[in-house]
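Quick notes on the structure that follows.
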Amino acid sequence: MGEGEEKWCVVTGGRGFAARHLVEMLIRYEIHHVRIADLGPSIKLEPAEEKACEGAEVVFHMAAPDSSINNHQLHYSVNVQGGP
């Protein structure tokens, strides 16, 4: 990144297996400053967390339910509609 230039991205599901590797690469090669959006113990977001995408140049959607769960509606909800 150029001096003074801040390029931000958001990685949804950033604590997951594949997403952790993406986050590591984005940071290691200074491609973007990274924000991680991932569900914690509660789905209720704090006001500051609701702005995770503000100013982001790109969002990497890596969030997904456990693939062993055979529930079409759940997978559709997460991957198409963006939430459980």
Side-chain angles (χ1 to χ4, degrees):
M1 276 180 268
E3 204 171 304
E5 181 184 344
E6 287 192 3
K7 292 170 48 176
W8 283 93
C9 74
V10 176
V11 179
T12 66
R15 294 186 298 219
F17 178 76
R20 274 186 276 153
H21 295 285
L22 173 62
V23 168
E24 183 180 319
M25 182 197 70
L26 291 166
I27 293 170
R28 178 184 299 146
Y29 296 107
E30 298 182 350
I31 298 169
H32 286 286
H33 293 284
V34 179
R35 291 186 191 119
I36 294 173
D38 205 325
L39 292 180
S42 158
I43 198 166
K44 185 173 185 323
L45 299 175
E46 298 296 323
E49 294 174 313
E50 293 176 356
K51 298 180 180 182
C53 294
E54 191 172 299
E57 183 174 30
V58 66
V59 175
F60 296 95
H61 177 50
M62 303 290 288
D66 184 337
S67 61
S68 69
I69 299 172
N70 189 16
N71 180 325
H72 177 268
Q73 183 55 43
L74 174 62
H75 289 276
Y76 182 86
S77 172
V78 169
N79 291 301
V80 177
Q81 298 172 322

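Atoms considered below: every heavy atom in the structure, side chains included; atoms not considered: hydrogens, waters and symmetry mates.
- We find the NE2-CD1 distance between H33 and I27 to be 10.0 Å, quoted to the nearest 0.5 Å.
- With sequence neighbours left out, the side chain to side chain contact (heavy atoms under 4.5 Å, CB included) criterion links N71 to I69, Q73, L74.
- Looking at heavy atoms from C-beta onward, R35 lies out of side-chain contact with V11 at the 4.5 angstrom threshold.
- The aromatic rings of H72 and Y76 lie parallel to each other, their planes meeting at an angle below 30°, with 60° marking the opposite boundary.
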* To do: Run the numbers on C9 and L26 for side chain to side chain contact (heavy atoms under 4.5 Å, CB included), then give the verdict.
  => CA-CA 9 Å; C9 74; L26 291 166; 3.7 Å; yes

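- Between V10 and I36, every side-chain heavy-atom pair lies at or beyond the 4.5 Å cut-off.
- When the side chains of ILVMFWY residues are joined at heavy-atom separations under 4.5 Å, either directly or via intervening members, V34 and Y29 end up in a single hydrophobic cluster.
- Note that the CE atom of M25 and the CZ atom of R20 stand 15.5 Å from one another [nearest 0.5 Å].
- To the nearest 0.5 Å, the span separating CZ on R28 from NE2 on H21 amounts to 10.5 Å.
- Here the shortest heavy-atom pairing between K7 and I31 reads CE-O, 4.0 Å.
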* Asked: Could you walk me through whether W8 and E57 pass the side chain to side chain contact (heavy atoms under 4.5 Å, CB included) check?
  -> CA-CA 6 Å; W8 283 93; E57 183 174 30; over 6 Å; no

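- Residues L22 and F60 meet the side-chain proximity criterion, which asks for heavy atoms closer than 4.5 Å.
- The NE2 atom of H61 sits 5.0 Å away from the OG1 atom of T12 when rounded to the nearest 0.5 Å.
- Counting all heavy atoms, side chain and backbone alike, A19 lies closest to G13 at CB-O, 3.1 Å.
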